[in-house]
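Labels below follow one simple rule: chain letters A, B, ... track the order of the sequence lines, proteins then strands, and each chain is numbered from 1.
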Amino acid sequence: MSPAAVAVSVFAAFMVLTVVLGLLAVRRQQGGGLAAWSVGGRSLGPVFIWVLMAGEGYTSFSYLGAAGWGYNYGAPVLYVVAYMSCGYAVGYVVGPMLWGYARKHGLVALSDTAAHRYRRPWVGAAVAVLATVFLLPYIQLQITGMGIVVSTISYGTIGQNLAYFLAFAVTTGFVVVSGLRGSAWVSVLKDALVVLTLAFLFVYVPLHYFGGFGDFFGRLVDEKGAWLKLPGNGGAESGYGIGWFASTTVLNSLTVVIFPTTVAGYLGARDADTLRRNAVWLPAYNVLLFIPMVLGTAALFVVPGLVGAESNLALFKLVTDSLPAWAVGLVGVAAALSSIVPMAVFMLVIGTMWGRSVLSLAPRLRSREKGLSQLVVVVAGVLALLMTYTVPNTLVRLSLISYEGMAQLLPLVLLGLVWRRMTLVGGACGLAVGVALVCGLVFTGHDPLWGVNAGLLALVVNLAVSVLVSLYGPPERADERADEDVLALEEFTEAAVGAGRG
Amino acid sequence: MIRRRPQLVWLLLPYVLFVAALPFVNRVPLLVLWLLGATLVTPVAVGLARRADLKRGERG
C-alpha cells in the first residue's frame, strides 16, 4: 500500500467517525426547532461549551496560517495569542450579559438581538447581511486550509481544487444534519487530536532535526533573531511593528466577543456561570498556539525558500518529510477537524441569522424557519467555495479582513445594549462610516495605516460618529419600554453573579 | 462597568501585559518569553476577577 493510500485511508476513516458523531449527537437532541439546531437548545454544560469555544479559537488558520506567518515573519503572528487571551477576559463580562439577554427575550443570534434592541426587524436583517459578508472570507479561509491539508497528506494525489470541494461537501452535510450540538461532540474528538499531535510535534521536530531543544532554540536565537521580535523578518516595511501588534490585539479582542460564532457558543450555554468558569480556563488553551509558530520557524532551517502562500505548508512539509504515512494521516485529521468544526459553526450562525432575521420578514416563511436556515447554510457554503476558486488569498489576510469588518458592528450592537441613549440613526451612521472607511483602506492597500490596524482607526471614527449623532442628532421615536426590556445589563436578567444558586 | 464592579479591574491585566508592556520587552529572546508568560498569567487574572465577583455576590 502506498504512503498516500495509507494516509488517505486514516483520514477517510476519521471523516466517517466525524459524521457518525454528528448523527449520534442529533439522536440525543430533545425537540427539533431552530433553537435546538442553532444553540443546542441552550443546554450545553461546561465541558461541551469549553471544547466548542476552544475549538473556535483553534482553526486551520492556527495550524497552517500561524506556521506560515511564523515562517515568513516570526513574532508578529503572536498577535493571535494576545487577542485571544484579552478577548477571553472581555468575554468574562460580555458572555453572561448576552446569554442573559438572549434567554430573557428568546433570541438565538446576534442579528435578532440587534432587532430586539432597536425594535425594528429590518435592523436584524441588516446585521445578518453585513455579518454574512464579513464571515464568508473566514469560511473561505477554512476551505482553503482544509484543501491544503487534504492535498498535502495525499502526497499530491488529490488536487487542491478537488480537495476544496471535499472540504465544502463534508462540512455542509455535517452542519445541516447535526447543528451546534454535533459540532460540540466533534470538538471533543478534535481537541483530543490537536493536543496529542501538537504535543508530539513540539517534542519530535526539535529532536529529529536539531538533536534537542537547546540546539534548536540556540540556532534560532543566533541565526534568526529578526524573527523573534517585532516587526519580525519583514522589517519596518512590513508594517507589523509594535503599533500594529497592539492595535490589532485591542481591535480583535473586542471583536471576538461579538463574532457570531462566539455568540452561538455563549447562547448555547446552560447558565451564565458556565461562561464565567470557561472564561477563566479558555486562555490556558492559547499556549498551544505557540507550537505552530515555533514549528514554522523550525521549517526555516529544514525547508528554506518557501515563498508567498507556499509558506502555509511550512508545518506540513516537516510532517510529510519526517513521519510515516499513518502519522501523516493522523496529523491531517487533526488539521482537517480544525477546519470543519469552526467552519460548521460559521455556516450554522449564518443560516440561523438569515432564518430568524431575514427570511422571517416574509410572514408565510416563518413556519419553515429551520428548513430555510439549513438551505442558507448550503448557499453560504457554495458562495465561499466559489470565492476560494475565484479570489484566493492568504489565510492571515482573510482572517484580518473578517475581523476588521465585524468590528464595525461593535457600537451599534454592543454599546447599544448597555447605553440607552444610543439611537438607531446614530448607530447606523457610525456603522456606515466605519464600513466605508475600512473597505476603502483595506482594498486600496492602506492596511496598516501609520503603523496602526485600519480596522481600529475605522472603529474609532465609527464610535465617535455613533455617539455624537446619538447625542445631538434626530431623537429616537418614542420607545416606552423600560430599561430592563431594552438593555442587557446583568442585573436585569438571570445572568447576575450567583443568580442561579438558590 | 468597572466603577460598579471594581473587581473587574483584574480583567485589564492581560491588556497591560500584551499591549502596554510591548515597547519595554521587544528584545530577543525576551519578547516571546514575555508573551508566553502573559498567556499563562491571563487565566489567573480572570480567575481573580471571578473570585472577587463571587465574594461580592455572597456579601451583596
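- Taking CG of Leu35(B) as the start and CG of Leu78(A) as the end, the distance is 5.5 Å to the nearest 0.5 Å.
- Here the straight-line distance linking atom CG of Leu17(B) with atom SG of Cys86(A) works out to 8.5 Å at 0.5 Å rounding.
- Heavy atoms of Ala279(A) lying under 4.5 Å from chain B belong to its backbone as well as its side chain.
- Across Thr39(B) and Ser85(A), no two heavy atoms sit closer than the pair CG2-OG, 4.1 Å.
- Note: Phe245(A) CZ to Phe18(B) CZ = 7.5 Å, rounded to the nearest 0.5 Å.
- Annotation: maximal heavy-atom pairing with chain B below 4.5 Å, among Ser247(A), Ala246(A), Ala226(A), occurs at Ala246(A).
- Against chain B, the residues from residues 215-225 of chain A that qualify, each with a non-hydrogen atom under 4.5 angstrom away, are Val221(A), Gly225(A) in number order.
- The shortest distance between side-chain heavy atoms of Leu36(B) and Phe290(A) falls below 4.5 Å.
- Residue Val294(A): no heavy atom, backbone or side chain, is found under 4.5 Å from chain B.
- Side-chain contact between Tyr92(A) and Leu11(B): present, with at least one pair of heavy atoms (C-beta onward) separated by less than 4.5 Å.
- Looking at Leu228(A) and Leu31(B), their side chains never come closer than 4.5 Å, going by heavy atoms from C-beta outward.
- Between Leu54(B) and Arg276(A), the closest side-chain pair of non-hydrogen atoms is not below 4.5 Å.
- Heavy-atom pairs under 4.5 Å with chain A were tallied for Val19(B), Asn26(B), Leu22(B); the largest tally goes to Asn26(B).
- Under 3.5 Å, the side chains of Thr249(A) and Tyr15(B) contain no donor-acceptor pair of N or O atoms.
- Across all non-hydrogen atoms, the minimal contact from Ile242(A) to Pro23(B) is CD1-CA, 3.8 Å.
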